[in-house]
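Here the structure comes first, spelled out in structure tokens, and everything after it is commentary.
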Amino acid sequence: MLDFENIGELFTKVVHSKEWEELQEKYNKCHDIYVLGHGGNMGVADHTAVDMTRLSNGTKNAMCPGSCIVATSYINDTNFDQWMVAWLQSRTSTRTKTQMSKSLVYGISSSGKSKDVIKALQWAIDNGMEACLITAKPIDVEIKGLTQVILGVNYYHTAECLSLLLQYELTHGSGNICPPIGSNSPEDLEKLNWKGGKIREHSYPDEKINVGVDFDGVVHKNSKGYFDGTIYDEPIEGASEFLKKLSAKYTVIIHTCKAKPDRGLVSGKTGTELVWEWLKKHNLSEYVGKVTAEKPRALCYIDDKSVKFDGDWKQLEEEIYNFGVNLNE
């Protein structure tokens with residue numbers, strides 16, 4: 001099976017970084033966005049520009065030099081390293097300084113060595129624009145003011161898919177909607193947008209399809225507790241059959257403290273990697289959509305340590321006593 005390097009976990013790690021927070025702030029403040037990519041990432045950039053505009057509810061105007069006519073014309077007029085700079089110059093020639101300050105040049109790279117993109121980012125900053133770069137590997141030059149989001153992946157296919165996914169997170173983070181399939185008309189978007197006044201029963205579609213399942217003590221026997229940090233035990237009896245049946249209708253999200261990013265490496269691997277390795281070993285990975293340390297949006301949560309709260313705090317106090325929580329001492 002093609003290795004996508006646990007792309008879901010990579011996505012979560014990126015959007016919780018300080019660089020991503022900085023980029024989201026720049027994105028939210030800007031109006032015009034110039035999206036640039038090299039090679040296959042030009043296709044990603046073109047797609048990104050279309051959806052940034054389409055899903056922005058009129059707040060973003062994104063554009064990309066995705067046409068081969070545009071590229072070859074500017075390359076002929078200048079050279080390969082400078083053509084994106086020439087394109088930016090022409091696209092911003094009528095912009096005021098104020099408009100330039102509210103513009104973002106959004107670069108996408110895999111290798112971090114795309115000279116045409118890098119020179120365009122430098123030109124943008126030199127001319128009062130904001131600039132960012134989504135890249136698998138860091139660039140080897142310093143550009144002051146550039147927000148560089150490093151994906152840290154090893155394959156082009158992972159970098160390109162992750163870059164496109166992150167564009168949708170920017171849309172979501174700006175308060176706009178990434179609609180479910182088949183719900184793309186203005187009327188559908190208005191129904192989805194709770195800011196319009198009507199609060200939906202489910203704030204996100206995945207609250208209707210996800211089921212959160214704890215790992216230790218629910219799927220993995222965990223008979224010796226943490227022990228040495230490895231995942232040493234067998235699956236709990238019936239887990240395979242249950243997960244197979246559950247995954248046929250719902251998306252199974254494994255949530256576990258083993259996936260916390262601050263957990264030290266065990267046998268040179270993260271907790272998330274160890275969980276996926278164990279799931280594959282026991283033929284359970286095909287039933288699981290994601291492994292995370294976060295509480296996922298879900299219909300319900302299955303956990304051996306959970307206590308359901310029904311609005312009665314006194315009753316809850318009695319129930320948590322069974323887990324060793326004594327509030328009377």
Side-chain angles (χ1 to χ4, degrees), residues 6 8-9 11-13 15-18 20-21 173 194 199-247 249-267 269-279 281-282 284-285 287-329:
N6 289 333
E9 300 305 317
F11 176 89
T12 300
K13 182 178 180 180
V15 299
H16 283 88
S17 67
K18 63 178 182 180
W20 184 261
E21 183 179 349
W194 64 269
I199 300 176
R200 292 174 290 139
E201 179 183 356
H202 297 275
S203 58
Y204 292 90
D206 49 10
E207 290 183 20
K208 299 179 180 181
I209 60 173
N210 289 347
V211 174
V213 181
D214 184 33
F215 185 66
D216 287 326
V218 177
V219 180
H220 171 242
K221 280 185 180 180
N222 200 43
S223 59
K224 294 184 285 187
Y226 180 83
F227 189 50
D228 59 358
T230 62
I231 305 179
Y232 52 83
D233 228 334
E234 298 296 310
I236 288 180
E237 185 177 353
S240 178
E241 293 80 3
F242 176 80
L243 292 178
K244 180 179 180 180
K245 187 175 182 179
L246 183 65
S247 65
K249 293 184 65 177
Y250 302 96
T251 300
V252 177
I253 309 294
I254 295 289
H255 54 93
T256 172
C257 290
K258 281 183 166 61
K260 284 185 174 293
D262 61 355
R263 184 180 188 269
L265 297 180
V266 176
S267 302
K269 299 177 181 179
T270 65
T272 302
E273 290 173 326
L274 290 173
V275 171
W276 277 114
E277 188 176 82
W278 185 90
L279 290 170
K281 175 183 177 182
H282 295 283
L284 299 174
S285 60
Y287 309 135
V288 176
K290 183 179 181 180
V291 175
T292 179
E294 297 182 339
K295 180 181 180 181
R297 291 186 288 265
L299 275 168
C300 64
Y301 305 94
I302 302 170
D303 194 321
D304 60 320
K305 294 183 179 179
S306 67
V307 176
K308 185 177 181 181
F309 177 65
D310 288 320
D312 187 337
W313 286 103
K314 187 63 178 177
Q315 177 65 31
L316 181 73
E317 184 176 336
E318 295 176 5
E319 292 189 23
I320 63 175
Y321 180 82
N322 296 324
F323 285 86
V325 180
N326 188 349
L327 301 182
N328 298 316
E329 291 183 351

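What you are looking at is a predicted structure, and each value in this text was computed from that prediction instead of being measured.
- With values rounded to the nearest 0.5 angstrom, Ile320 atom CD1 is found 11.0 Å from Phe309 atom CZ.
- For the pair Asn222/Asp304, no side-chain contact is recorded, criterion being any heavy-atom separation below 4.5 Å from C-beta on.
- Counting heavy atoms from C-beta outward, Pro296 and His255 have side chains that approach closer than 4.5 Å.
- What you find for Arg263 and Gly271 is that their closest heavy atoms are NH1-CA, 3.4 Å.
- Side chains of Val211 and Ile253 form no contact here, defined as non-hydrogen atoms less than 4.5 Å apart.
- Not one N or O on the side chain of Thr256 forms a donor-acceptor pair closer than 3.5 Å with the backbone of Ala259.
- Side chain of Thr12 to backbone of Gly8: a donor-acceptor contact under 3.5 angstrom is found.
- You'll find the ring centres of His16 and Trp20 outside the 6.0 Å limit.
- Of all non-hydrogen atoms in Trp278 and Glu234, the two that sit nearest each other are CZ2-C, 3.8 Å.
- By the side-chain hydrogen bond (donor to acceptor under 3.5 Å, both in side chains) test, Asp228 is found to be paired with Thr230, residues two or more places apart in sequence or in another chain being considered.
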With side chain to side chain contact (heavy atoms under 4.5 Å, CB included) as the criterion, how do Asn328 and Glu317 come out once you've worked through the C-alpha distance, each side chain's angles and the decisive distance to 0.1 Å?
CA-CA 10 Å; Asn328 298 316; Glu317 184 176 336; 3.7 Å; yes
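- A 6.0 Å sphere centred on CD of Gln315 holds more than 12 heavy atoms belonging to other residues, nucleotides or ligands.
- Summarising the geometry of Tyr226 relative to Tyr232, their closest heavy-atom pair is O-CE2, 4.3 Å, with the distance given to 0.1 Å.
- Separating the CG atom in Leu246 from the NZ atom in Lys244 is a distance of 13.5 Å, to the nearest 0.5 Å.
- Rounded to the nearest 0.5 Å, atoms CD1 (Ile254) and CG (Leu243) are 6.0 Å apart.
- More than 12 heavy atoms of other residues, nucleotides or ligands sit less than 6.0 Å from atom CD of Glu318.
- In this structure, Thr292 and Glu294 approach most closely via the heavy-atom pair OG1-N, 3.0 Å.
- In this structure the side chain of Lys258 reaches within 4.5 angstrom of the side chain of Ile231, judged on heavy atoms.
- Side chains of Tyr287 and Val219 form no contact here, defined as non-hydrogen atoms less than 4.5 Å apart.
- Listed for the Ser267 side chain is no donor-acceptor partner under 3.5 Å among the backbone atoms of Lys269.
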Walk me through it: do Asp310 and Glu319 pass the test side chain to side chain contact (heavy atoms under 4.5 Å, CB included)?
CA-CA 12 Å; Asp310 288 320; Glu319 292 189 23; over 6 Å; no
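- Residues Phe215 and Val288 form no side-chain contact, since every pair of their non-hydrogen atoms from C-beta on lies 4.5 Å or further apart.
- Asp233 contributes a side-chain N or O that, together with a main-chain N or O of Ser223, makes up a donor-acceptor pair within less than 3.5 Å.
- Remark: Lys295 pairs with Tyr301 by the side chain to side chain contact (heavy atoms under 4.5 Å, CB included) rule, at least two apart or across chains.
- Atom OH of Tyr321 has 12 or fewer neighbouring heavy atoms from other residues, nucleotides or ligands inside a 6.0 Å radius.
- Here the CD1-CZ distance, from Ile302 to Phe242, works out to 4.0 Å after rounding to the nearest 0.5 Å.
- Between Lys305 and Phe323, the closest heavy-atom pair is CA-CE2, 3.5 Å.
- No side-chain heavy atom of Asn210 sits less than 4.5 Å from a side-chain heavy atom of Lys290.
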Test log, rule side chain to side chain contact (heavy atoms under 4.5 Å, CB included), inputs Ile209 and Thr251:
CA-CA 6 Å; Ile209 60 173; Thr251 300; 4.2 Å; yes
